[in-house]
Structure formats: structure tokens, C-alpha cells
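Quick note on labels: first sequence line is chain A, next is B, and so on, each numbered from 1.
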Amino acid sequence: MSPAGAVDLCGIELAHPIINASGTFDAIAARRAFGDAVLERFPFSAYVSKTITPAARTGNPPPRLWEEGAGMVNSIGLPNKGLEGFLEADLPLLAELPVPLIVSVMATSAEQFAPLVEAVADRSEVAALELNVSCPNVHSGLIVGEEPDETAALMATLRPLTAKPLIVKLTPNVAEPATIAIAAEQGGADAVSLINTLKAAPLLVDGTPWLGAGSGGLSGPAVRTIALKQVADVAAAIEIPVVGMGGVERGSDAATLLAAGATAVAVGTASFRDPLAAERIRAELEALQPVAGGGSGKP
Amino acid sequence: MSPAGAVDLCGIELAHPIINASGTFDAIAARRAFGDAVLERFPFSAYVSKTITPAARTGNPPPRLWEEGAGMVNSIGLPNKGLEGFLEADLPLLAELPVPLIVSVMATSAEQFAPLVEAVADRSEVAALELNVSCPNVHSGLIVGEEPDETAALMATLRPLTAKPLIVKLTPNVAEPATIAIAAEQGGADAVSLINTLKAAPLLVDGTPWLGAGSGGLSGPAVRTIALKQVADVAAAIEIPVVGMGGVERGSDAATLLAAGATAVAVGTASFRDPLAAERIRAELEALQPVAGGGSGKP
Amino acid sequence: MPARADSEPRAAGRGEDGRVPAPFGRRRGEVIANEPSGGYRIITALDPGGPLPAAGQFYMLATEGGWGGDGERPFLPRAFSVAEATGGAEGARLSFLVEDVGPGTARLATLSEGDGLLLTGPLGRPFSTPDELNPDAAGAILVGGGIGLAPLAIWRRTLASRGIPERSLLGFRDRQHSGGLELFRCSEIRLASEDGHAGHRGYVTDLLERMLAGDSARTAVVYACGPPAMLEAVRALCELRGVAAELAMESPMACGFGACFGCAMPLRSGGYMRLCVDGPVVRAADVETALVMGAGHR
Amino acid sequence: MPARADSEPRAAGRGEDGRVPAPFGRRRGEVIANEPSGGYRIITALDPGGPLPAAGQFYMLATEGGWGGDGERPFLPRAFSVAEATGGAEGARLSFLVEDVGPGTARLATLSEGDGLLLTGPLGRPFSTPDELNPDAAGAILVGGGIGLAPLAIWRRTLASRGIPERSLLGFRDRQHSGGLELFRCSEIRLASEDGHAGHRGYVTDLLERMLAGDSARTAVVYACGPPAMLEAVRALCELRGVAAELAMESPMACGFGACFGCAMPLRSGGYMRLCVDGPVVRAADVETALVMGAGHR
Ligand SMILES: Cc1cc2nc3c(=O)[nH]c(=O)nc-3n(C[C@H](O)[C@H](O)[C@H](O)COP(=O)(O)OP(=O)(O)OC[C@H]3O[C@@H](n4cnc5c(N)ncnc54)[C@H](O)[C@@H]3O)c2cc1C
Ligand SMILES: Cc1cc2nc3c(=O)[nH]c(=O)nc-3n(C[C@H](O)[C@H](O)[C@H](O)COP(=O)(O)OP(=O)(O)OC[C@H]3O[C@@H](n4cnc5c(N)ncnc54)[C@H](O)[C@@H]3O)c2cc1C
Ligand SMILES: Cc1cc2nc3c(=O)[nH]c(=O)nc-3n(C[C@H](O)[C@H](O)[C@H](O)COP(=O)(O)O)c2cc1C
Ligand SMILES: Cc1cc2nc3c(=O)[nH]c(=O)nc-3n(C[C@H](O)[C@H](O)[C@H](O)COP(=O)(O)O)c2cc1C
Ligand code: FES
Ligand code: FES
């Protein structure tokens, strides 16, 4: 079986295992830039929206980007139209995409999360929801995704609200991500996805923060081996499927995450360098020889 | 005042702020390779030993190294001669170095740590001790440096044993390193040092771990912005001095850590690429214009 | 930003705002020339199969090899306004005016004939025609500074080919920060330089001020591209005189196609636009100030 | 490893085991030649002010530019046995035999005359003389495979210059995996190749077996460098016949000077040695097996 073939992600049929990472590919803006080729040649097998919040957000003050030799630090701050704006303006356009739609949502309390999840899950265009409990850019007081108990409590509120798959997006900024993954699974999550960005702060030589928001999150190849460790640990600890991501640049990176236990792989930062990076990654994944049983690949 | 001038690190006079990161420069082996030039041109203002443990350790099975585009993952496994071997064979040679000696120590319980700290602190050649707490407590199973309570408990045992400075080396694999730093300070630590390596696992495309030990720790430029974030957060949270490290490759990296609140800066992985990297980094630091008061450096 | 009435017939394949959509994905162009021009370089590449861009659009560029080194920057592609574009069905011949200011532009400056140039584009919103900005427009005034000459050069050619009168006011800090004048050959230009090495000693906005005073502000339309301070002076002057203006702006960009939300530019109405898809050409009236860090060509 | 009696006078400046200490720190050499040799390349550089290495020592090498790209490997320097060294007080002229097997060797293969080569060395423990290994030694048998010819080439010259008789047995997998034979000019060599393209069709250890059978094992001393399987065959054969042998081994290295503890090589006595400071030349009797991943030149 080709490692680039169809997969089932908690009931969602994906034509291949490569999806996008939330917040790294705006399909609506991409159509403005590239036209309908985006629909005809859509490189992902599911589309994950940028995280939406109950109310509209303008995002963090610029600068929002810092470049590193093997990655980048962002402090975007979840700009989005809010639930209402999303449902009205964006959802109809996203429904035109040729793949299942996963909507990423975030709120700062279970009470705020609940109506958001209900309203989004209610829409037939939506195949699943990703719960962003980990974004390091937004100061929500306690970071839910950093505490197993907080995660379990959130799931207790949200799980009864919908039969649609709930995917919990894990933060890498914890000692043992598996403990959070287990809490999510026990709380009824259908899948987990990881890793989100690592807390980072590009500073100038005089100590001044470069980013408008002070600090941000690191992504890209620099975090690849951290992602591999966390995905392997999490996949070994739970039964529900895992969406692996973090620094995927090549088909071999995707293959490695799949071998580490991921069911699907998300491409993030790589899309900034090439809007069709995911297509290339999938082709490279397809071209990889199926691994001979038991062979370690070590020389 | 030049940023590369003398500093006081919890009572230890350093001729300049650049020291080595534990486990990344073996002064004894370097003398075998480079002869007495190592003494004549010693690039660090203090020497931090590789971590020693109560009993001798052979270290992890090879392979122990993995290279990334902007860093490396190691699973060395703390090979060392043990306390006795260190005191007999290594300490006399390290005492010949022209700089103060900081000995890094680690054990798996407070009871095992205590005699180690006592025996090392007892030696007049030793200026200070660095406590490597990225280790499991054999009793609780918890990693000491990942839990404020464990760190506080360890300090409660060790602090009364010596008047020499105790520097707690913090792990970056926690949500909020400042919470651990505060626990260390309250427990009587004289300084903290950070960051240690980030948990990482290079895997082959079939999912097999490359490293003999299964996983390891990421260091080098890839972790630089993570280190900056953690050092700035920790320095803002405590009064005692901070030794900053993580991906320092250039004088500007050192300057940034100093501006973020570090009193001294340690060079690790960079020494592997150039044994005299620290000398260059110090020269570059010296050449940097003293920052004009209040100027942000932003264009 | 509400959709505007499109008063001019558009070339086939043009979309919203007259923007030319880019082929989806990054492709390989080939460098055919890289020559110094004053303190800058003009890099020309063949883009086989690529479309002709509209003036004001930009490309994300990276070299095929050596984009990075020692695990160091550049990592992300870099944005460059197209300065000249010719060609036809087989593809486009694109020129960029590049100032070496950091690792990415330094690497681009080393390109040789035959080297690969990875490009995504044309991207973003192009210039509007004078009559789209002002129904009474008598022509166009182009105000450029430093590396900001790039988008104005292609815009001047486009205007000329459509028979729309234009005058260019170009300013430079000093010899080092000038170049690209050959892109304005056969056109009416007036120069200003802060160090007096060419034309009026002083700012290009001095020239604009005089021109708008002489001219009837009622029929004027201004297009500006240059460093933030110059853009801001143009913006304030045009606001004061009630002159319609468009500014070609800059901001740090990771993707160039609306994916990262990194290129936030503050809107007068509050919040931010994404400069890569809502710009880089913006109506002067839409921004509060052009004095945003990294908001203009240096 | 206990210190050995040093039966031979050492050149000035030699330390423990006859190793030549390296200047402290990384320095810049300059490439003066880079030529193909069979499937490999011979890269020669001037090392101004650098010492002459002892045979068996190695250098950590990196190119001055382009060590990395796209934030990709190589990041760390790479270890190479010195294959030839000449020169005097003004410095050394060093040759390396390089097989392109990955990003680092691929980058080195592109070096041109005049390019900078960053080097640290000479490093590690060199070969011992035959009489240090066997008081009854009649001469030296050098057994090399593939890229393992490199340290044997300089060792052969050293032995010859000291008037110590030596014979070389060199083996190759196939044409692609051979090269560097010119480094053995004017010497007595016998060849083996697995594909039969040169010399004996089969393994170089077949030749060694015959030679040790004919020879008196009592007076033999073997020096071997090559792929792990070859090294292991030599080790086992020498153990069986009671022949003293040294193996020049390999392991992944980050630093080359004992700093990282990454180059662990299992010791027969338990535990590990650091191959960069306790090797790369080791007594065959000190290792349990040479069949360690990455333990030999391919
Ligand atoms: C739409 C558009 C059109 C443009 N057109 C042109 C053009 O025609 N010609 C031209 O020469 N330029 C043009 N630019 C500017 C050009 O993109 C930049 O000069 C280029 O990106 C600089 O890259 P660099 O690596 O050389 O320099 P950088 O080092 O990236 O320096 C540029 C600025 O980035 C900031 N910076 C420094 N370090 C970092 C870091 N690590 N991470 C993030 N920011 C950092 C600083 O403010 C610095 O001054 C355009 C930009 C845009 C957005
Ligand atoms: C003492 C000594 C002397 C040597 N002398 C010579 C010589 O004279 N000539 C010569 O050609 N070679 C010599 N070598 C070997 C040479 O150092 C290696 O071939 C070189 O380091 C390979 O680098 P690379 O980047 O080209 O390939 P790499 O990709 O580093 O490949 C080499 C091997 O490293 C492993 N590997 C792959 N990816 C990684 C990764 N990301 N991190 C860690 N390991 C990885 C694999 O096992 C691979 O087969 C010597 C080595 C030593 C230790
Ligand atoms: C610019 C940018 C914006 C992002 N926005 C979001 C977001 O809105 N929601 C979210 O869950 N993750 C967000 N992420 C995190 C990514 O989805 C992903 O977890 C992370 O970047 C790691 O993958 P990568 O290394 O392939 O980029 C963002 C990442 C980047 C770089
Ligand atoms: C090969 C290697 C060995 C290390 N050994 C130790 C050690 O023994 N004790 C310790 O506290 N840290 C050890 N470290 C961590 C470093 O001291 C340092 O915290 C880390 O590498 C980050 O700095 P860098 O990016 O400059 O290397 C080691 C790091 C490396 C790369
Ligand atoms: S540059 Fe990425 S959204 Fe504009
Ligand atoms: S290579 Fe670093 S200790 Fe040997």
C-alpha cells in the first residue's frame, strides 16, 4: 500500500494523508492570488481553517514575523472575522473547496467555547472541528492545553454538544504532551493534532522584543525533531488518531511522522515558501518505496 | 562599559561573560588534541565540567549524534568517571585551568545528590556547583526540574550542605520555566542556568529511532529564539543571576542574552564547529557598540 | 475594501482590481542578466509560461541554491516589485531592481546568467488607472524614491503605452542609494537628491509640492513608492490638497499570498489589512500613516 | 589505554602516542586542487602555518561558504583522514580522498581552487610503528578498502621514508567505489575487487589470508582501513593468527577533539572509547568487533 494513499481520519475519508496546518493556508486569499487553479489543484486532502474565535479579532500589532535560518517565529494573534463573520462570509467560500472542511476554533473559557462549537458543528459544510487549546500568542490566563485537568474539563463541556469529530490541537510547550493527549482522549476527543508552535522570542541585541506582541511561536524545520519526539510519544500513549505536524518540508518528513504513528500529516510553514509545497510533499511521499517489514533502514 | 568586560556571577569573578555549556568542552581531552595552547588561550572565563554522577557511567549506546540543518540532537547519556574517578583523575587536571571551576553534578534522589554535592563542594579547587536537575527522581518518578515542588525539595536538602554557590540548570521542556526558577531561588539557589536541550527524536522514515537511546536533546541555532524567550522570562521573574545559553553562535547572540537579563552566557554546540568559537564570540561581543540608552535598535 | 467599478477594459485573465492571477505554486525562472545600476542591481529573468504582470504587482523570489547557508537566513522568499516586464505567450521576461540590504538581497545580488530563480507571482493589487481614482484626471504624477522606482518604472511604461500623460519625480538620498534610472529612459523625469549629486538638492516632495501648487489639484493623480518618510510626506500633502493618490507600500512578508497574516498594515478605519493581497498598492486615503516600520521601500 | 613505551624518536612537537597536536581553533586553508580519482575526489589544500600531521590522523573539514543551504545539512564539520601531507615551516600541503556520500561530502566535492577550507587538525591518534606493535616485526602489511586507502597512503609513504618494508593489499567493491590508487604510486600493491574489474576477483582479505599463511605470522604487523565488514574480517583473521594489528576506524563525529562524547566506540573491555581522541587508529585487540554501524570507511 502506498503511504500516500487514502486514509480514514476519525471517520473523515481523506484521499491522501497530507492536510494543511491551521493558520498557514488561507484558501480564500489563495483564490484571489491564484484563481480557480486553487480548486482544481487543491494540494490538501482536507482543509483546516485558520482558528476562529467568538468575536472578531484584528490580531497583534506588527511586526508579526521573524525569520530564523531554519524556521520562523510568528505573533499573528489570531486575526479573524469572529463566529458570525466566519459563518456568513467565509464558510460559503470554503464549502466550495473539493475536500472535507475542518474548522479550528478557540475561546477563552468553556462557556465561550460551547456556543462556538455548537454553531460551527451545526453547519453541514463542516466535517470536523479542531479545538485550539494551545495558541501561545493569546493571553487567555491559564493555557488550557498546558494542564490535563483543564483539558479534561473543557472536553466534558464540549463533547456532549456534537457528534462531529473533535480534534484537540496540542501545545508542545509542556513536559509530557502525552499526559494532555490522554486527558483529551478520556474526555472523548476523536483525534489529536500536534505540534503547535514553540514559545519563542526574537529579541534585538539591546533586549527589545522584535515582535509587536513581545513574543511568538517557532515553526519550520527547526522544530522537526521535537515534533517527531512528541508525535511518537503521543501516538504510543493513545488509541485515537494523531495528526502530526511541525517542520514538514519533504515527503520523507511526512513518511517519518506517519511511521511514528500519525494518521495524517499537516504542512504549515513550508507552504509559505511554496504555495504548492504540499503537492510536492505528497508526490515525494508517494515515490518513497514502501518500507520492507521490520527493516530498520539503518546502514 | 564594554558588554564583554568582567562580571560577578554570584560571587565568582569572571574576566568576561563567556563560559562553556556543560558537556560541550572537555578541557582535558582538548589538551590532548591542542596541547598547552588550551591553557594559554583558554576561551572561557569559567570552566563548567561535564555532568558527573555518584557512580561511573559508560553513557548511551551509539549512535549518539544526529545532525539537523541548524543544530543537532544528542543522546550522550552522561558518560563520566563517577564522583571518585572525577576527584582523583580529572579534578587535578581541571585545577590547572586558568579560570574558576564550576562542577556540574546530577543524581536521582536528594539522598544521592547530598554526598555528591558535599564531596565536590569540599574541594578547594571548586568555585561553584551546577545542579543538573533534568533527571528523574527515582522515588517520585518525576523529573525534578519539571516540577517546582521537586526542585524546592531538592534545594531544601542541598542548600544547607555548602556555602559555595549552587547554580540550578533549568530544563526548557516545561510550560513556564520561570515557575521552576522561582522555586530554585526560594530554595536558596545562587543562580540559575538555562536552557538545557529540548527533547527531540530523530527517526528514520520507517519510524525507527536513529539514536541508540531512542531520543535525545536538540541544541544549536535552532533553539536560539526559544532560549531567548525562556531566559527573558526567567530573568524577569527572579533576582539571582542567570546564565543564558542555547544556540549562541555569534557575539550578537551573546549580547542579546545579556540584554535579556543574563549575567553570563554559555557557548555549547558552537564549540563543536570551532574549538575557539567562544574566543570569536567574545571578540564580536567586545566589538559591538555599547547600546545607546533607550534606543530600540529598530529601523 | 469594497469592489470598485471597473471603468477600463481589462486584459483577458485579469481578476479583481485588475490584478493578474499567478500560476499556482512556485516555479523556476532563469536569470538572463544581473547588472549593477547605481547602488542597486537589475536582475532579469525568463519566466517560461508565466503571465505578464500588471504594474504594481510583485513576486516572491528565492534563489534555487544557496538560499541559506550555515543554517542561516534567508529561509523565507523575499518580495520584489516587478520593474519591467515584456514578452508574450511563451512567457515573460521580468526585471527586478534590487538593493542589497540583508542576507536575501545579498544572495540575489550574486546570481549569474543561467542560475535558477524560484518565483511565485505576479501577486497583489496593482495600480489603478488615473480615471479610476479621479474621473477628472488629466494624467499621472509618479513620485519615487530609492528602490521605490521599481513599480513606478513599469507603471510609467504602461501609462505611456495607453497614451496617458505622466511625469515622474524621482528622489535619492545619495549616490549609493540611487539606481534604476535607465528604467525611465524616454520619459519626462525630474530629479532630487538630498546630497545634491543630481537635480534639485532636497526632497522629491519639494518638487511635488511645487507641481501640485502649479497644477490644478482637481485634475491631479499621484502614485508614490519610496521610503516610509517620503510616502508619508506624499500622503500628507495629497490629503491636504485633496489629491487622489495611491501608495505602493512594503511590509515584512512570509508568503505573499494571504496565507500567513504576517504583512499587517494598519488601516485608517481600524484593524489591519494584509498588504500582500489587499496591497501592496493602497489608496492613500485608506492608511492613517505611511510611517510604519518597514512600510516603504528604503 | 595505558601509555606505551615510545621506542622510536619522535619529531619535535609530537605528544602522546606520537600524535601531532593541532593548533587550537579552526583555521582557514585554501584549496589548491580538486580532482576526480576513480569514483572519489582528491582535494588538496594549503594549510599555512599548520603542522605536518602524523599518518592516521584526521582533520575536521568544512567549506567556508555554503556549509548548509535552505537551513539544511551540513551543519557540523566532517572528519577526513589525511591521505598525503608535504611541506615545511611555512605550512602544510594536505590531500584528502573524499567519497560523495551525503550533503557534507557533496559540498566538499564542489570546491574550486582558491576556495576556503575551514580545518581543525591534525587530530587523534596516529598509527604505531611495526616495532611498537611487535618487537619481531619484519615490516608492515597495509590492508585497505574503498575510501580507506586514505590513511594507508600517507602511512605507506612514512614507512617507506623510514626504510620499513611494506606491502599493500587494496580492495574495491566495483569501479564506482574505487579511487586514490595514484596515492600508492611507486609502491608494491596487490589489488582485489568484488566485481573483478581489477586484480583478484574477491575480497582483499583473501589476499591477506594467503599472505599470512605464507608469511610467518610471528613477524607480521597489519594496518587496516576500510568498510566495517572488511575491518571485521581483518580483525578476526589477525586474532585467529595472533597477528598484531591496528585498525583506522570511523564513527559519527560532531567535534573531533573529545568535546561531545558522540563518537563512542565499544571497547572489548566494556564501555566506550571516544574514537576522536582514543582513535581513530585503535589496536585491533582493543575492540570486540568492527561491525559497528558507521565504524569503518565505506
Ligand atoms: C511588496 C514589496 C515589494 C518590494 N519591492 C522591492 C524592490 O523592488 N526592490 C527591493 O530592493 N526591495 C523590495 N522590497 C523589499 C525587499 O523585499 C526587502 O528588502 C527584502 O525582503 C530584504 O531581505 P534581506 O534578507 O536582504 O534583508 P533583511 O535582513 O530581511 O532586512 C530587511 C529588514 O528586515 C528586518 N529584519 C532583520 N532581521 C530580521 C529577521 N531575522 N526576521 C525578520 N525581519 C528582520 C529589518 O527591519 C531589516 O531592516 C519589497 C518588499 C515588498 C513587501
Ligand atoms: C576519523 C575519520 C576519518 C574519515 N576519513 C574519511 C576519508 O578519508 N574520506 C572520506 O570520504 N570519508 C572519510 N570519513 C567519513 C566522512 O567523515 C563521512 O563520509 C562524512 O562525514 C559524511 O558526511 P556527509 O554529510 O557527506 O554524509 P552524511 O549524510 O552525514 O552520511 C553519512 C552517514 O551518516 C548517517 N546520517 C545520515 N543522516 C544523518 C544525520 N542527519 N545525522 C547524523 N547522521 C546521519 C548515515 O549513516 C549516513 O550513511 C572519515 C570519518 C572519520 C570519523
Ligand atoms: C503564521 C502562522 C500562523 C498560525 N496560525 C495558527 C492558528 O490560527 N491556529 C493554530 O491552531 N495553529 C496555527 N499555527 C500553527 C501551525 O498550525 C502549526 O501547528 C505549526 O506551524 C507547526 O507546523 P509547521 O512547522 O509545518 O509550520 C500557525 C503557524 C504559523 C507559522
Ligand atoms: C553533546 C552535548 C552534551 C551535553 N552534555 C551536557 C551535560 O553533561 N550536562 C548538562 O547540564 N548539559 C549538557 N548539554 C547541554 C548544554 O550544556 C546546553 O545546555 C545546550 O546544548 C544548549 O546550548 P547550545 O545550543 O549552545 O549547545 C549537552 C549538550 C550537548 C550538545
Ligand atoms: S505575506 Fe503572508 S499574508 Fe501577507
Ligand atoms: S567527535 Fe566529539 S568527542 Fe569525539
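Rounding to the nearest 0.5 Å places CG of B:Leu258 at 12.5 Å from CG of A:Asp206. Distance check: B:Lys199 NZ to A:Gln230 CD gives 8.5 Å after rounding to the nearest 0.5 Å. The CG atom of B:Leu228 sits 9.5 Å away from atom CH2 of A:Trp66, with the distance rounded to the nearest 0.5 Å. In this structure, CG on B:Leu203 lies 7.0 Å from OG1 on A:Thr256, to the nearest 0.5 angstrom.
Proximity to chain A (any heavy atom under 4.5 Å) is restricted, for B:Ser215, to the side chain, taken from C-beta onward.
Counting heavy-atom pairs closer than 4.5 Å to chain A, the top-ranked of the candidates B:Ala259, B:Ala232, B:Pro172, B:Ala201 is B:Ala201. Here B:Asn173 is the residue among B:Val231, B:Val73, B:Asn173, B:Thr171 with the most heavy-atom pairs under 4.5 Å with chain A.
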Residues 216-226 of chain B, side-chain donor-acceptor partners within the protein, below 3.5 Å, at least two apart:
unit_1, atom_1, unit_2, atom_2, d
B:Ser219, OG, B:Thr269, OG1, 2.7
B:Arg224, NH1, B:Asp253, OD1, 3.2
B:Arg224, NH2, A:Glu68, OE2, 3.1

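What you find for B:Ala70 and A:Ala70 is that their closest heavy atoms are CB-CB, 3.8 Å. The nearest pair of heavy atoms linking A:Val205 to B:Ser252 is CG1-O, 3.5 Å.
Every pair passing salt bridge (charged side-chain N to carboxylate O under 4.0 Å, His left out) that includes a residue from residues 228-238 of chain B is listed here, sequence neighbours excluded: B:Lys229-B:Asp233.
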For a side-chain contact (heavy atoms from CB on, under 4.5 Å) check, start with the C-alpha distance between A:Leu198 and B:Leu198, then their side-chain angles and the critical distance, and finish with the verdict. CA-CA 11 Å; A:Leu198 279 123; B:Leu198 280 124; 4.1 Å; yes
